[in-house]
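Reading through the structure tokens given below for one structure.
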Amino acid sequence: MTSHSSETTTTQDATADVPPYRYTAALAEQIELRWQDRWQREGTFHAPNPTGDLAGDAAAEKFYVLDMFPYPSGKGLHVGHPLGYIATDVVGRFQRMQGKNVLHALAYDAFGLPAEQYAVQTGQHPRITTEQNIATMRAQLRRLGLAHDDRRTFATTDPDYVRWTQWIFTQLFESFYDETAPRPDGGTGRARPIAELVAELDAGERTLPDGRDWHALDAGEREDYLATLRLAYVSDSPVNWAPGLGTVLSNEEVTADGRSERGNFPVFQRNLKQWMLRITAYADRLIDDLELIDWPEKVKTMQRNWIGRSSGAHVRFATDAGDLTVFTTRPDTLFGATFMVVAPEHPLVGALADADAWPEGTPEEWRGGHDSPRDAVEAYRRAAARKTELDRQTEGRDKTGVFTGSHAVNPVTGGRIPVFVADYVLMGYGTGAIMAVPAQDERDWEFAARFGLPVVRTVQPPEGWEGEAYTGDGPAINSANDEISLDGLGLEEAKTAIVAWLEAKGLGAGTVTYRLRDWLFSRQRYWGEPFPVVYDADGRPHVLPDSMLPVELPDVPDYSPRTFDPEDADSEPESPLSRLPEWVEVELDLGDGPRTYRRETSTMPNWAGSCWYELRYLDPRNDRALVDPEIDRYWMGPRPGEATGGVDLYVGGVEHAVLHLLYARFWQKVLYDLGHVSSSEPFHTLFNQGYIQAYAYTDARGVYVPAEEVETSEGPDGEPVFTWRGEPVTREYGKMGKSLKNMVTPDEMYAAYGADTFRVYEMSMGPLDQSRAWETRAVVGAQRFLQRLWRNVVDEETGALRVTDDPADDETRRLVARTVDDVRTEYAAMRPNTAIAKLITLNNHLVGMPAVPREAVEPLVLMVAPVAPHIAEELWSRLGHARSLAYEPFPEADASLLVEETVTCVVQVAGKVRDRLEVSPSIGEEELTELALATAGARRALEGRAVRKVIVRAPRLVNVVPG
């Protein structure tokens with residue numbers, strides 16, 4: 001027996017004696033294509049807006065369901081990709097049958113590096129590649145029968161979409177964050193147009209923080225001041241620069257050993273002029289507002305950790321080169337600071353190390369093998385530039401550093417302590433300098449041990465402590481001078497006391513700091529949104545007016561950036577756009593008469609287009625505004641009792657937990673502050689679906705072999721044995737893809753079973769939020785369910801209805817009522833797997849009846865519709881209904897039929913209790929088996945293992961024996 005898709009092509013279609021009206025893959029295809037065409041022709045899933053060009057009879061109650069933006073890959077889809085799309089489709093169809101106006105659409109996140117890399121290799125324009133990929137993906141998804149409003153689709157590369165992405169950037173540029181401005185939600189601090197700030201400065205209602213006279217500043221000086229406040233600004237920022245590739249890389253594109261993931265080139269840390277977005281202004285709101293939205297707690301925790309809000313103090317240490325300010329969350333340990341460490345990029349490093357000789361008595365291990373602090377620090381800085389931040393922060397690696405030749409004064413002890421340069425301190429976090437307290441910090445302990453530096457404990461470890469650095473709580477010790485004593489105080493008391501003393505002495509201040517840094521928004525690549533920015537003769541940026549948008553990408557002769565010697569760390573990026581002088585140099589009239597300007601030659605990152613696409617679905621053809629306010633309020637405005645508004649249900653993978661979701665929340669809050677949208681959060685409810693994984697097989701060489709060609713047999717010990725072409729192979733479990741030769745495509749499933757069978761199988765594999773193993777052979781179970789459903793309505797020999805209008809018996813009526821009640825609950829809770837198990841039970845109950853009662857089968861067909869819409873539509877039509885069932889009310893249970901005692905069934909796996917079920921005393925073995933295998937406990941215990949045997953003692957026990 002084969003273990004993958006080669007088996008699936010042998011279906012009833014190929015059998016000579018198949019009844020003429022059997023539900024086969026061939027018949028399923030005919031039904032599915034016909035209904036997909038009808039849905040499109042009739043606009044079945046067009047969701048009416050309350051106003052505008054898509055206006056219609058919009059129901060009072062709406063439901064906006066959204067999938068995370070797909071990137072159209074040239075590889076096409078494998079069966080793992082549609083899981084979330086099918087899930088949202090099931091939810092949307094169910095909500096539509098509840099009488100709600102459901103908005104569900106899909107567009108394409110089309111700017112991306114793969115298309116650009118292909119353009120570099122082949123010379124084909126990325127737009128051509130991208131549009132071909134979109135066409136392939138659209139066809140694959142259409143074949144699934146997804147209930148999308150096709151009037152609302154687009155790609156981020158469409159000029160109309162690019163225009164509004166660029167427009168949002170201009171709003172960021174023309175705004176600042178006013179920490180004193182009140183918000184509609186009662187809080188303080190929001191974005192405001194910078195023109196309002198200028199008006200207040202002109203009127204004398206505000207003064208400059210440095211005491212200068214605004215009216216005495218010339219135009220350039222005024223703009224330089226405003227640039228320090230804008231939400232979009234140009235800054236010298238540290239980036240990952242790969243000369244061998246000629247491009248800046250994101251942290252995710254750099255390996256742990258400081259080389260490019262693509263090409264294995266060295267990567268250097270360089271400071272380059274880049275566009276930044278001031279997301280840090282929103283750090284508190286991005287943390288605090290997590291309490292107002294319905295998201296998985298693990299995602300909220302990841303965002304909180306990424307933002308990294310910490311309370312502590314800034315403390316100033318005097319040096320001969322100027323004050324060194326550090327941020328510490330543990331000012332109570334200040335008496336234990338025995339040395340300082342600054343990042344290699346710290347601006348004071350040059351002055352601290354500006355000496356031709358070492359101070360007398362400097363240990364050899366502090367010198368780094370050099371004759372002077374200047375030489376040692378310069379060499380160390382060059383070496384540090386070759387490392388990524390990830391590499392510099394790796395726990396457990398040997399600590400390195402050199403002495404700067406300078407000392408600082410500890411403000412509480414008055415003692416002189418040495419100042420080192422070390423790469424485990426990063427310029428982007430805190431102030432780029434730390435006070436090192438080795439007794440209370442493990443990294444500082446390691447550094448102190450490496451360089452023979454003193455250790456002073458300031459927190460009493462517990463009795464019997466034999467460790468090194470102690471990072472826990474305890475009373476303060478060794479922490480007193482002539483003016484203050486912390487000895488004996490607990491952590492919070494000691495922190496409060498020392499901060500008050502530092503503030504009184506002018507040596508520091510309590511403060512809050514964040515791990516979050518401003519968003520690096522530039523990419524030296526071709527395939528991205530051009531910035532709507534030009535620079536004047538003085539190098540100052542200006543955003544273009546709305547009338548000049550969009551700025552479209554010009555054609556270029558070469559899509560690749562300029563590359564350099566891989567070791568040339570001093571080289572600088574040269575983007576493809578910079579090599580078009582006729583495009584870069586442009587004459588424009590921006591209000592001061594025609595002048596020559598220089599365009600920005602970097603492009604926006606692919607995150608830009610995915611930051612606001614949920615808004616474009618609402619009003620996709622609007623060329624006058626980002627979104628009509630009435631339309632926005634209808635779909636995304638806060639509902640009664642809701643604080644934020646936003647999309648009703650957003651489904652996608654947890655891998656986007658931080659960057660995409662954080663960036664989208666930031667943009668939404670800026671647009672909300674400026675009055676362009678009504679919701680302060682983009683996504684009210686978030687659901688992370690699991691993943692579909694698959695078995696892969698390697699031969700004796702460790703080379704992957706085609707999974708669909710692997711044969712499975714039972715070994716002498718009863719365990720499965722796997723062979724390929726007669727040779728043994730090893731099975732492993734992992735991600736599905738071409739490289740592992742275990743990829744199964746939806747097209748294969750459509751051909752072998754039909755889309756509805758594929759949908760039912762994916763939805764029945766287990767809880768949506770858990771990963772699960774793909775097993776092609778198991779798809780036949782979903783097919784059998786639909787074939788039995790078909791047979792309950794249609795005679796396979798004649799095509800005639802098998803349905804009677806005679807009343808159902810009491811047992812059937814009770815089972816229908818119970819199923820309706822249960823399935824409604826399961827769909828509402830996004831548990832389609834257990835809903836399907838209950839539908840199978842009802843369906844099996846009807847099998848074998850000479851004529852199936854209409855009052856039983858019609859509710860069944862309606863309940864099946866969310867997961868298998870094509871066959872449900874076809875059966876509904878054959879049952880005599882002319883209209884699509886998409887808007888039919890979901891069945892209601894007769895409450896009088898639900899009164900029934902239940903018993904508790906224990907679910908065991910390998911003899912151990914893993915779950916429990918409340919079931920009817922009369923439940924059959926087959927139904928009980930289905931329900932038990934669908935429980936979360938059984939799924940977890942099996943962990944993708946096959947089921948060898950199921951022992952059923954209905955109604956109280958099910959024992960699953962793994963294969």
Side-chain angles (χ1 to χ4, degrees), residues 61 90-91 93-100 760 763-764 767 785 788-789 792-793 803-849 851-868 872 875-876 879 885 888-907 915-937 952-958:
E61 193 170 4
V90 171
V91 172
R93 287 176 179 274
F94 172 67
Q95 294 291 344
R96 192 176 288 107
M97 295 175 78
Q98 304 267 53
K100 297 178 184 178
V760 170
M763 290 298 97
S764 63
F785 162 52
R788 289 170 182 162
L789 173 64
N792 279 331
V793 179
V803 175
T804 178
D805 290 326
D806 293 338
D809 60 74
D810 288 345
E811 181 186 0
T812 299
R813 293 178 67 232
R814 282 196 298 271
L815 180 57
V816 169
R818 190 167 65 247
T819 304
V820 167
D821 189 58
D822 290 346
V823 169
R824 176 182 283 274
T825 298
E826 299 307 301
Y827 276 153
M830 289 187 71
R831 294 191 294 262
N833 59 314
T834 48
I836 291 168
K838 294 173 187 300
L839 293 172
I840 289 172
T841 299
L842 174 58
N843 191 55
N844 289 345
H845 174 81
L846 303 179
V847 171
M849 289 185 175
V852 177
R854 180 180 291 272
E855 67 173 300
V857 80
E858 286 200 345
L860 174 59
V861 169
L862 290 173
M863 288 187 287
V864 166
V867 289
L875 293 176
W876 191 249
L879 285 164
L885 57 64
E888 287 293 322
F890 198 84
E892 295 280 355
D894 184 341
S896 66
L897 299 173
L898 295 175
V899 180
E900 184 178 13
E901 292 184 3
T902 63
V903 297
T904 300
C905 174
V906 174
V907 179
D915 218 325
R916 286 178 171 81
L917 289 166
E918 291 298 316
V919 299
S920 166
S922 60
I923 192 169
E925 288 189 2
E926 186 172 354
E927 179 186 2
L928 191 56
T929 299
E930 294 277 358
L931 292 174
L933 291 174
T935 61
V952 182
R953 299 288 183 265
R956 298 191 179 275
L957 176 68
V958 175

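This is a predicted model, so every value here is computed, not measured.
With sequence neighbours left out, the side chain to side chain donor-acceptor pair (under 3.5 Å) criterion links Glu918 to Thr902, Thr904. Glu61 meets the side chain to side chain donor-acceptor pair (under 3.5 Å) test with no other residue; sequence neighbours excluded. By the ring pair (Phe, Tyr, Trp, His ring centres under 6.0 Å) test, Phe94 is found to be paired with Tyr827, Phe890, residues two or more places apart in sequence or in another chain being considered. Remark: Thr825 engages no residue in a side chain to side chain donor-acceptor pair (under 3.5 Å) (not counting sequence neighbours). Residues meeting the side chain to side chain contact (heavy atoms under 4.5 Å, CB included) test with Ser764, sequence neighbours left out: Tyr761, Ile836. Shown here are the salt bridge (charged side-chain N to carboxylate O under 4.0 Å, His left out) partners of Arg96, two or more places apart in sequence or in another chain: there are none. For Arg831, the salt bridge (charged side-chain N to carboxylate O under 4.0 Å, His left out) partners two or more places apart in sequence, or in a different chain, are Glu826. Listed by chain and number, the residues in a side chain to side chain donor-acceptor pair (under 3.5 Å) with Asn833 amount to none (sequence neighbours excluded). Shown here are the salt bridge (charged side-chain N to carboxylate O under 4.0 Å, His left out) partners of Arg813, two or more places apart in sequence or in another chain: Asp810, Glu855.
Here the shortest heavy-atom pairing between Asp915 and Gly937 reads OD2-N, 3.0 Å. Nearest heavy atom pair, residue Ala865 against residue Arg93, reads O-CD, 4.0 Å. Scanning both residues, Thr804 and Asp806, for their nearest heavy atoms gives OG1-N, 3.0 Å. Considering every non-hydrogen atom in both Glu888 and Leu862, the closest pair reads CB-CD2, 3.8 Å. Of all heavy-atom pairs between Val919 and Pro955, the closest is CG2-O, 3.6 Å. For the residue pair Ala893 and Val820, the shortest heavy atom distance occurs at N-CG1, 3.5 Å.
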Using residues 923-931 as the side-chain source, report each donor-acceptor pair under 3.5 Å to any protein atom, sequence neighbours left out, with the distance given to one decimal.
unit_1 : atom_1 : unit_2 : atom_2 : d
Glu926 : OE2    : Asn844 : ND2    : 3.2
Glu927 : OE2    : Thr841 : OG1    : 3.4
Thr929 : OG1    : Glu925 : O      : 2.8

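Separation of atoms CG (Leu933) and OG1 (Thr834) is listed at 13.0 Å; rounding is to 0.5 Å. Rounded to the nearest 0.5 Å, atoms CZ (Arg916) and CZ (Arg956) are 12.5 Å apart. Atom CG of Leu897 sits about 11.5 Å away from atom OG1 of Thr812, to the nearest 0.5 Å. Rounded to the nearest 0.5 angstrom, Ser920 OG and Arg814 CZ are separated by 9.0 Å.
The closest side-chain heavy-atom distance from Arg824 to Met97 is not below 4.5 Å. Within the 4.5 Å cutoff, no side-chain heavy atoms of Val816 are placed close to those of Leu860.
Side-chain N or O atoms of Asn792 include none that pairs as donor or acceptor with a backbone N or O of Val852 at under 3.5 Å.
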Item to complete: Kindly determine whether Asp809 and Met849 satisfy side chain to side chain contact (heavy atoms under 4.5 Å, CB included), including the steps that lead there.
Response: CA-CA 11 Å; Asp809 60 74; Met849 289 185 175; 4.1 Å; yes
Practice prompt. Output, in order, the C-alpha distance, side-chain angles, deciding distance and verdict of side chain to side chain contact (heavy atoms under 4.5 Å, CB included) for Leu789 and Leu846.
Written response: CA-CA 9 Å; Leu789 173 64; Leu846 303 179; over 6 Å; no
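The list of salt bridge (Lys or Arg N to Asp or Glu O under 4.0 Å) pairs with a residue in residues 836-847, not counting sequence neighbours, reads Asp822-Lys838.
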